[in-house]
Amino acid sequence: MGTKKLYIETYGCQMNEYDTDRIKNALDAEPTDDPKSADIIIVNTCAIRDKADQKAFSSLGKFKSRKANDPNVIVGISGCVAQLYGDKLLKKIPHLDFVLGPRAIPKLPDIIARIESEKRRTVETSYDIEELFEIEPYHKEGKVTAFVSVQQGCNKRCTYCIVPTVRGDEVNRDLNDILRETNNLVSKGVREISFIGQTVNSWKKDGHKFGDLIRAAGEIENLDRIRFTTSYPRDITKKMIDAMKDVPQVCHHLHLPVQSGSDKVLSMMKRTYTRQWYVDTINRLKDAIPDITISTDIIIGFPGETDQDFQETMSLMREMEFESSYSFKFSPRPGTVAAEYSGEDIVDPQVASARLSELQAYQKEITETKNQSRVGKIEKVLVEGESRNDPEFLSGRTDHNRILNFKGPKDLVGKTVEVEVKEGLLNSLRGELVV
Ligand code: SAH
Ligand code: F3S
């Protein structure tokens with residue numbers, strides 16, 4: 001297997017990026033960026049919205065002629081679209097060799113071996129995989145940030161969401177396992193860990209709660225920064241806030257999806273909190289950690305969303321002034337409760353688009369203003385590498401998760417330095433190293 005070349009394309013969330021790295025390790029193949037030279041081609045897919053599905057299918061289409069010219073190349077689909085459609089995909093996509101659900105990654109080496117020996121197309125989407133966390137991700141040498149998965153699946157069942165269907169019920173990982181993987185990464189030079197899970201702060205295991213996990217991670221030597229995503233508002237407890245406050249490595253930024261500012265819509269989404277509860281929670285966080293910044297997710301055009309409901313979302317945006325937000329038009333997903341709505345409950349697509357544009361324009365203004373307000377401030381930056389757009393610049397993130405680019409020597413990578421902000425742009429900051 002060792003000499004095989006693996007090309008893998010990744011769509012979707014951090015969990016998928018993490019799974020991509022697990023697939024790389026599972027196969028012990030050499031990762032390549034060039035699909036033409038690859039022996040194994042995998043598209044790791046996302047099913048969260050309709051467009052994500054479409055992207056995955058068109059991505060697979062690109063490899064049709066490659067497979068026609070070289071029947072020995074193995075083409076597979078993994079991730080949530082694979083789980084959702086299963087063996088239907090083999091019928092729909094004739095050049096596909098395997099379909100692999102997100103929980104089945106530990107089975108991949110066997111699947112590949114079987115395809116090679118028996119030339120048989122395979123579907124593996126079972127849930128009852130015991131070795132769920134067994135394969136740890138591939139780590140690129142020199143990378144100073146890394147994800148560590150603490151949880152698979154989700155128990156919340158928001159009515160619009162396909163994640164519980166495709167990733168199954170919540171399964172939490174052993175504390176020792178999480179700490180071992182984290183320690184291992186730190187020994188390879190990683191300085192910032194992001195714990196990831198669909199509702200990461202719901203993590204609990206063997207009597208330990210999420211706050212205990214943060215405190216335990218805070219004891220790890222040479223781990224400079226701790227982040228985690230995505231938090232679920234209702235599971236923010238006093239214990240968690242206290243741990244965030246007490247552990248100095250915890251970054252002062254929290255991604256806390258609210259989805260809507262209307263109680264009616266929140267209740268239809270089954271989000272289990274009210275707008276006021278969400279606001280109060282953020283206030284509790286700010287009381288404990290005054291400089292904390294918050295980002296969020298919003299869904300626009302959920303069935304039954306009236307103009308009044310949308311205005312309530314806009315008023316929440318104004319009240320909260322989120323650091324940034326990801327906003328999406330509601331997309332009905334197969335098998336979810338919210339996909340059952342029809343008739344006059346459906347928000348006219350043009351109305352939804354107009355609402356989305358209004359919200360995004362407002363957010364853009366806020367984000368830009370917030371970025372500009374940081375000019376003159378000195379920020380601590382963990383240097384991650386060269387800037388993607390301009391190799392003259394180094395790039396890293398501030399404690400508040402803003403990208404900050406500045407000029408400096410390459411040997412600063414992996415170090416935390418002080419940078420004075422000189423310019424606030426929409427998606428990043430620019431500054432000068434403080435010496
Ligand atoms: N628990 C994870 C994954 C949720 S999916 C997390 O919170 O990050 C990420 C975001 O996609 C959600 O917060 C929601 O805003 C959006 N989303 C999920 N399902 C959607 C749907 N059917 N239509 C539109 N947006 C959706
Ligand atoms: Fe989806 Fe809600 Fe879980 S958004 S991932 S069902 S918390």
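Counting convention: from 1, in listed order, for ligands and their atoms alike. Note that the structure is a prediction, hence the values are computed from the model and not measured.
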Identified side-chain contact (heavy atoms from CB on, under 4.5 Å) partner of Ile105 from the options Asn44, Leu27, Asp19: Asp19

Distance-only polar pair, side chains of Ser202 and Asp235, donor-acceptor under 3.5 Å: yes

Those atoms of ligand 2 less than 4.0 Å from some heavy atom in Arg271: 2 (Fe), 4 (S), 7 (S)

side-chain contact (heavy atoms from CB on, under 4.5 Å), paired with Tyr232, selected from Val200, Asn155, Leu256, Thr199: Thr199

Per-atom contacts, ligand 2 versus Thr199 - under 4.0 Å to a heavy atom: 7 (S)

Protein N/O/S count near atom 1 (Fe) of ligand 2 (criterion: distance under 2.8 Å): 1

Aromatic plane relationship, His252 with His400 - under 30° parallel, 30 to 60° tilted, over 60° perpendicular: tilted

Within-4.5 Å side-chain heavy-atom neighbours: Ile366 and Met317: no

Heavy-atom donor-acceptor pair, Asn25 side chain to Pro137 backbone, under 3.5 Å: yes

Residues lining ligand 1 [heavy-atom distance under 4.0 Å, listed by chain and residue number]: Ile48, Arg49, Tyr160, Gln198, Thr230, Pro257, Gln259, Asp297, Ile299, Phe328, Lys329, Phe330, Ser331, Arg333

His208 and Trp203 aromatic ring geometry - parallel, tilted or perpendicular at 30°/60° bounds: parallel

N/O donor-acceptor pair under 3.5 Å between Ser59 side chain and Lys55 backbone: no

Arg167 touching ligand 2 at heavy-atom level, < 4.0 angstrom: no

Side chain to side chain contact (heavy atoms under 4.5 Å, CB included) involving Gln276 - partner list, sequence neighbours excluded: Thr274, Val279, Asp280

By side chain to side chain contact (heavy atoms under 4.5 Å, CB included) - contacts of Lys270 (at least two apart): Thr159

Near-ring test Phe195/Phe210, centroid separation under 6.0 angstrom: no

Which segment of Met269 sits under 4.0 Å of ligand 2 when only heavy atoms are counted: neither

